[in-house]
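First up is the structure itself, then whatever we jot down about it.
Counting starts at 1 for both ligands and their atoms, following the listed order. Computation of the quantities below employed the complete heavy-atom set of this structure, encompassing side-chain atoms and omitting hydrogens, waters and symmetry-equivalent molecules.
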Amino acid sequence: MTQPEIVKGKGFEKVDRQKFGHDHLLGTKNLNKDEIEIILDLANYYADRLDDKAFKPDILRGNIILSLFFEDSTRTRTSFEMAAKRLGAEWINIDIAHSSVKKGESLLDTVLTLDAMLRPDAIIMRHSEFAAPDFIAGHVNCPVVNAGDSWREHPTQALLDALTIRRHKGKIEGLNIAICGDVAHSRVASSNMDTLVKLGANVRVIAPPLLMPKKLPHDSIQMFTSMEEGLKDCDIVMMLRLQKERMLDAEIPSEESFFADYGLTLERLDMAKPDALVMHPGPMNRNVEIADEVADDPQRSLILNQVRNGVPTRMAVLDLLLKNK
Ligand code: ASP
């Protein structure tokens with residue numbers, strides 16, 4: 001089985017930027033379907049050109065983008081940086097581990113200090129506190145992009161996941177998509193449930209009872225506690241990392257028992273549709289939530305495609321927020 005052809009989308013010129021009426025990207029929950037599609041159309045345009053090193057649209061020349069990551073990151077921060085640079089912007093990364101935050105400076109004082117000094121045109125922010133980017137957006141005069149806060153939202157991850165599904169399945173509407181594992185603590189799950197339901201997918205979550213959220217963002221989302229039942233007829237199986245940093249010890253008995261009951265093996269994947277594709281936002285805990293044989297299967301795994309699509313998705317977000325200013 002080979003992965004389907006990449007599906008081409010609308011061109012750059014055809015994207016109606018004026019219909020995207022937001023000053024910030026703080027979550028997916030305040031985006032409607034049309035706005036999500038505008039981002040995906042533009043992201044798709046950039047994705048088609050990603051390998052062309054000569055393609056440097058330079059539309060953000062003269063803009064300063066400030067990166068403030070109060071939590072660790074590999075993929076998200078690097079791909080925002082790549083996106084900013086491909087659009088011609090200047091990228092300034094603050095090394096929080098060696099900043100005055102460690103001397104007890106408040107979040108707001110840190111941000112206002114940097115804002116006064118750098119006059120950024122956008123701030124990309126990750127923080128462990130619930131809605132910290134929303135709080136900062138209320139105090140600065142430039143767009144703020146949430147690069148992940150607490151377990152609440154990770155909008156650009158959900159958007160790049162939607163782009164990946166669209167490019168590999170040709171559509172999102174009508175697909176059966178399972179989001180599996182530590183749903184309760186995952187901001188990726190939270191933003192994805194919302195985005196994929198708005199785009200017309202049939203979303204289900206599969207989790208042990210203690211890792212199932214108390215409330216889901218849409219009533220249509222089905223809940224399963226067994227992988228065997230939940231994977232039936234799925235087109236996309238999205239695995240999640242066990243968020244041990246947000247978890248109480250009692251929530252899973254052991255990694256081994258979690259893998260035995262909820263780990264995605266090739267045998268379990270056989271319960272989904274024969275052409276089902278697998279996703280994981282990374283970082284992966286191999287053989288805890290996903291078996292090597294699945295993660296590394298080039299016919300079934302979209303994991304590196306997700307990473308790749310992070311750059312064009314973040315280019316689209318920066319383009320829409322900064323060019324529309
Ligand atoms: N990288 C994603 C996030 O920041 C997923 C994860 O950490 O599990 O939320």
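- Defined by atom type and a distance below 3.5 Å, a donor-acceptor pair is present between the side-chain atoms of Gln306 and Asp161.
- Residue-level contacts of ligand 1 at the 4.0 Å heavy-atom threshold are Arg126, His154, Arg187, Val188, Arg241, Gln243, Gly282, Pro283.
- Looking at residues two or more places apart in sequence or on another chain, you find a ring-ring contact (aromatic ring centres under 6.0 Å, His included) between Phe70 and His127.
- Sorted by first and then second residue, the side chain to side chain donor-acceptor pair (under 3.5 Å) pairs with a member in residues 174-184 read Asn176-Asn202, Asp182-His185; sequence neighbours excluded.
- Contact of the Thr76 side chain with the His154 side chain is registered, since non-hydrogen atoms from C-beta on lie closer than 4.5 Å.
- Listed by first then second residue, pairs satisfying ring pair (Phe, Tyr, Trp, His ring centres under 6.0 Å) with a partner in residues 254-303 read Phe258-Tyr262, not counting sequence neighbours.
- Screening Leu175, Ile172, Ile165, Ile177 for a side chain to side chain contact (heavy atoms under 4.5 Å, CB included) with Asp235, the sole residue that qualifies is Leu175.
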